[in-house]
Amino acid sequence: MRIAVYGASGYQARLVLTELSRRNIDVVLAGRDADRLGKAAAATGLLMSPRRVADLGDHDALVASLAGCDAVVNCAGPFTATGHTVVRAAIAAGCHYVDTAGEQFYLKTIFDTFAAKAEHAGVTIVPATNDGCLPCDLIAHLMAEEVPSLDEITVSHLITGGGAPSRGSLRSALRTVDSLVSGGLTYERGEWHTGIPARRGSVVFPGVPEPVDMAQLPLAEVVTIPRHVRANRVESLVEASFSARLSAPLTTTTIDALPEGPTDEERRAQRFSYLVDATTPGGHVVRGLVQGTDTYGTTAIIAVEAARRLAAHGAEPGVLAPAQAYDAAGFLGFLTGHGLHWDISPRK
Ligand SMILES: NC(=O)c1ccc[n+]([C@@H]2O[C@H](COP(=O)([O-])OP(=O)(O)OC[C@H]3O[C@@H](n4cnc5c(N)ncnc54)[C@H](OP(=O)(O)O)[C@@H]3O)[C@@H](O)[C@H]2O)c1
């Protein structure tokens, strides 16, 4: 099995490369700059792995960089600017595709633009295989199997510690600041809409004594969950202070001067709690809980396993939500073995 990493010179990609190496999977490092690819190979002990330079403006080079690979993990954000080009190349190369994107509108346009083309080419595209979207999407699927009739779903993220977001995350926030400020998409009665205010302003998280003030923020789960779960409404929230920080855009110059991302120590100290709260038409409440440490490290584990599963077992061709591509309980069980805690309550 051979897996390519595009944008292999970035912060998240280094963790992805390390995870691929730990799992003894053959790697191709791909990206736009030979020097930076060389540094990434040296930093991850992958100097013997092939390195392929391909600029996004050169479709043929991009397709060639993915040739012979079973899957690609695209880490080249902001995906709003770059993702479509890599998806198009993966389809042309016959290479399954996952990425670490969290940009909600990007995700929606990948479903809207590439579903038929990927299906026709026999290629599976699973965007947003990150620490938040993949486990929340899978747990929502399991909840819907237990309680088939769901009315409203609210996905809430709370992250504590862990230093500042990576430069790449901040560049993605800067690129999508309009949607961060507006709150992004809400799924309501079969369609995605902008401009619908959130229904909840605070959320009680397990282990947190006071309700946490929350703000609407465009998370990927709003796009993926309604593709396999029947619900009247899906919205997404993050802690209000985190939303305010992301929505007050830094300049490119300020971002460039920051450290590339949290240190290993900061990542280890980080905790996240993600909730998928669902109400039934009868007024019952079901809660899916996902908890772990180290969002970037968890994203690396998830993106590599997502690509590996596509390469090893395949999935339906097309653009898929995580729960459409993977066995939800099986993948979550795998993540339990990597320190992720998840639970659905009350269980039937
Ligand atoms: N939960 C989540 O939503 C979540 C979790 C983890 C990561 N992410 C996302 O993952 C992405 C990567 O983050 P990061 O911290 O690794 O960023 P980063 O350190 O800035 O790395 C970005 C990578 O993309 C490449 N790249 C950027 N623009 C390019 C272009 N126009 N053409 C070719 N290559 C390009 C860069 O290449 P050069 O080195 O040549 O510049 C670099 O390899 C971000 O979008 C972040 O939001 C999201």
Side-chain angles (χ1 to χ4, degrees), residues 4-19 29-41 43-44 51-59 61-62 65 72-86 89 98-107 127-137 155 157 159 162-177 180 184 217-224 236 238 242 246 252 255-256 258-262 267 270 272 274 290 292 294-304 306 322:
V5 178
Y6 189 77
S9 51
Y11 175 82
Q12 178 65 65
R14 193 166 61 245
L15 302 175
V16 168
L17 291 171
T18 303
E19 176 66 4
L29 292 87
R32 63 179 166 183
D33 185 281
D35 283 350
R36 286 199 286 276
L37 286 183
K39 284 183 186 139
T44 52
R51 298 198 285 277
R52 299 178 182 167
V53 178
D55 196 272
L56 286 184
D58 187 343
H59 175 73
L62 208 49
S65 77
V72 57
V73 181
N74 183 16
C75 297
F79 295 87
T80 303
T82 62
H84 295 74
T85 311
V86 186
V98 305
D99 67 34
T100 62
E103 294 153 49
Q104 192 190 62
F105 282 92
Y106 155 76
L107 194 64
T129 56
N130 62 46
D131 58 288
C133 182
L134 183 134
C136 289
D137 186 77
V155 180
H157 285 197
I159 301 175
S166 74
R167 284 197 302 237
S169 294
L170 292 170
R171 288 189 189 109
S172 289
L174 179 60
R175 179 72 197 217
T176 58
V177 68
L180 294 177
L217 192 110
L219 296 177
E221 292 93 308
V222 173
V223 175
T224 63
S236 59
V238 301
F242 183 64
L246 284 184
T252 309
I255 295 172
D256 288 347
L258 294 171
E260 65 171 350
R267 289 198 289 111
Q270 189 185 51
F272 61 82
Y274 302 150
V290 177
D294 180 7
T295 54
Y296 293 104
T298 300
T299 294
I301 290 166
I302 285 174
V304 166

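Counting starts at 1 for both ligands and their atoms, in listed order. Side chains included, hydrogens not; waters and symmetry mates left out as well; all remaining heavy atoms used. In what follows, residues are counted from 1 in the order of the sequence shown.
T18 places no side-chain N or O within donor-acceptor distance of the main-chain N or O of T44, the cut-off being under 3.5 Å. In terms of modelled atom types and a separation under 3.5 Å, the side chain of Q12 and the main chain of Y296 share a donor-acceptor contact. Judged by distance alone, with hydrogens and angles left aside, the side-chain atoms of S236 form a donor-acceptor pair with the main-chain N or O of L219 at under 3.5 Å. Formation of a donor-acceptor pair under 3.5 Å by the E103 side chain with backbone atoms of T80 is found in this model. Checked by atom type and distance alone, the side chain of R14 never pairs as donor or acceptor with a backbone atom of A40 at under 3.5 Å. Between the side chain of S172 and the main chain of G77, no donor-acceptor pair closer than 3.5 Å is present. Distance alone, capped at 3.5 Å, places no donor-acceptor pair between the T298 side chain and the T295 backbone. A donor-acceptor pair under 3.5 Å is formed between the side chain of Y11 and the backbone N or O of P262.
Each of the atoms 14 (P), 15 (O) of ligand 1 lies under 4.0 Å from some heavy atom of S166. In the vicinity of S172, heavy-atom distances shorter than 4.0 Å reach the ligand 1 atoms 44 (C), 45 (O), 47 (O). Listed by number with element, the atoms of ligand 1 under 4.0 angstrom from any heavy atom of G102 are 3 (O). Near Q12, the atoms of ligand 1 lying under 4.0 angstrom from a non-hydrogen atom of the residue are 6 (C), 7 (C), 14 (P), 16 (O). For ligand 1, the atoms closer than 4.0 angstrom to any heavy atom of F79 are 10 (O), 11 (C), 45 (O). Near E103, meaning under 4.0 Å from any of its heavy atoms, are these atoms of ligand 1: 45 (O). Each of the atoms 20 (O) of ligand 1 lies under 4.0 Å from some heavy atom of R171. Remark: ligand 1 atoms within the under-4.0 Å shell around heavy atoms of Y296 are 6 (C).
Between the choices L170, L15, D131, V5, the shortest heavy-atom distance to atom 5 (C) of ligand 1 belongs to D131. Among L62, D256, T100, the residue whose heavy atom sits closest to atom 10 (O) of ligand 1 is T100. Nearest-residue assignment for atom 2 (C) of ligand 1 (options L29, D35, V53, N130; heavy-atom criterion): N130.
The closest approach between a heavy atom of L56 and any atom of ligand 1 is below 4.0 Å. Between S169 and ligand 1 there is a heavy-atom distance shorter than 4.0 Å. Put simply, no part of R14 is less than 4.0 Å from ligand 1, judged by heavy atoms.
D35 has no carboxylate O lying under 4.0 Å from a charged side-chain N of R51, or vice versa, which leaves the two without a salt bridge.
Only the backbone of C75 comes within 4.0 Å of ligand 1, counting heavy atoms alone; no side-chain atom from C-beta on gets that close. Contact annotation for R36 and ligand 1: only side-chain heavy atoms (C-beta onward) come within less than 4.0 Å of the ligand.
Of the polar atoms of P78, none of the N or O atoms is found under 3.5 Å from an N or O of ligand 1, judged by distance alone. Looking at ligand 1, you won't find any N or O of E260 less than 3.5 Å from one of its N or O atoms. The shortest N/O to N/O separation between G10 and ligand 1 falls below 3.5 Å. The shortest N or O to N or O distance between T82 and ligand 1 is not under 3.5 Å. For the pair T299 and ligand 1, the shortest N or O to N or O distance does not fall below 3.5 Å. Below 3.5 Å of separation, one finds no N or O of R167 facing any N or O of ligand 1.
The nearest pair of heavy atoms linking D99 to A128 is OD1-N, 2.8 Å. Nearest heavy atom pair, residue R167 against residue P259, reads CG-O, 3.3 Å. Between A13 and G7 the shortest heavy-atom distance is CB-O, 3.1 Å.
Nearest protein heavy-atom contact of atom 27 (C) of ligand 1 is G77 O, 3.3 Å. When hydrogens are left out, the protein atom nearest atom 19 (O) of ligand 1 is Y11 N, 2.9 Å; that is the closest non-hydrogen contact. For atom 25 (C) of ligand 1, the closest non-hydrogen atom of the protein is A76 CB, 3.8 Å. Counting protein heavy atoms only, atom 37 (O) of ligand 1 is closest to S9 OG, 3.4 Å. Of all protein heavy atoms, the one lying nearest to atom 31 (N) of ligand 1 is R32 NH1, 3.4 Å. In this structure, atom 13 (O) of ligand 1 lies nearest to the protein heavy atom G168 CA, 3.9 Å.
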As a quick check of understanding, evaluate salt bridge (Lys or Arg N to Asp or Glu O under 4.0 Å) for D256 and R171, giving each step before the final call. CA-CA 9 Å; D256 288 347; R171 288 189 189 109; 3.0 Å; yes
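For the pair P135/I302, a side-chain contact is recorded, criterion being any heavy-atom separation below 4.5 Å from C-beta on.
Using cut-offs of 30° and 60° for the angle between ring planes, the Y274 and H157 rings count as parallel.
Using modelled atom types, one finds no donor on one side chain facing an acceptor on the other under 3.5 Å when comparing N130 with T100.
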